[in-house]
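Counting starts at 1 for both ligands and their atoms, following the listed order. All values reported here derive from a predicted model rather than from experimental measurement.
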Amino acid sequence: MSVLDLQLNESSGATTAVDASGFGHHGAIGRHIRMNGSWADWDRHPPAEGIYYGADHLIMVDDAPDGSLDPDSADFTIEFRMRSTDKFGNILQKGQARAVGGQVKFQQPQGYISCMFKSPQVRAATKSKTFTSDGQWHVIRCERTASQVALYVDGVLSNRIRKWSGNINNKKPWTIGGKFECDTSLSTTGADSCDLYPGDIDYVRMWKG
Ligand SMILES: [Ca+2]
Ligand SMILES: [Ca+2]
């Protein structure tokens, strides 16, 4: 079942990313993000910059009280279309390292997209064998099932880890474009960078079960 369908086709200046899934999981569009009617464009803030922008650099979708945006123990698939030329940034995540209930995260260390599902008990992460920060559009799809986490790039299986990733349900929002709890002037955040994503995202879709 589709639980999130952000087409990101909003016009310039829009502040709400409409969810077409029917669940009403609309996103809040931060000020850094330029919408153009077709996709969303994030500006560039390297980790070394060290400035905390809060929600300005993010599209945030609140946690759903009914759990529909959490994997729980179910099959869970995430797909998005992205274009980037930088080798850093967290594209999409629900929760950070210290989140109670686990987390889900996509990042692109060295320009290779990775997908991680982490429950309180076990972590399953896999990294693309395809260089994804080459300035071309890529469809990234990560399928979490009872037996594996499988990562597809442009419809082709790129890598997988054959491992159950457990029961994941936290109270955190989905953040598109980086972390939210990452003000490094605070000792409590547990983050050394906001890992702000520079690039474009055409859409984000999720399915549960
Ligand atoms: Ca939740
Ligand atoms: Ca779009």
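With sequence neighbours excluded, the residues forming a ring pair (Phe, Tyr, Trp, His ring centres under 6.0 Å) with H32 are H45, Y53, H57, listed by chain and number.
Salt bridge status for D63 with K171: absent, with no side-chain N to carboxylate O gap under 4.0 Å. Electrostatic pairing of D70 and K94 counts as a salt bridge here, judged by a charged N lying under 4.0 Å from a carboxylate O.
By the 4.5 Å heavy-atom criterion applied to side chains, M35 and L8 are counted as neighbours.
Using cut-offs of 30° and 60° for the angle between ring planes, the F80 and F106 rings count as perpendicular.
The Ca ion (ligand 1) lies at the vertex of an angle of 160° between the OD1 atom of N169 and the OD2 atom of D63 (rounded to 10°). The angle that N170 O and D70 OD2 make at the Ca ion (ligand 1), rounded to 10°, works out to 110°.
Excluding waters, the count of protein N/O/S atoms less than 3.0 Å from the Ca ion (ligand 2) comes to 5.
For NZ of K172, the number of neighbouring non-hydrogen atoms (other residues, nucleotides, ligands) closer than 6.0 Å is 12 at most.
The backbone N or O of D5 sits nowhere less than 3.5 Å from a side-chain atom of S21 that would complete a donor-acceptor pair.
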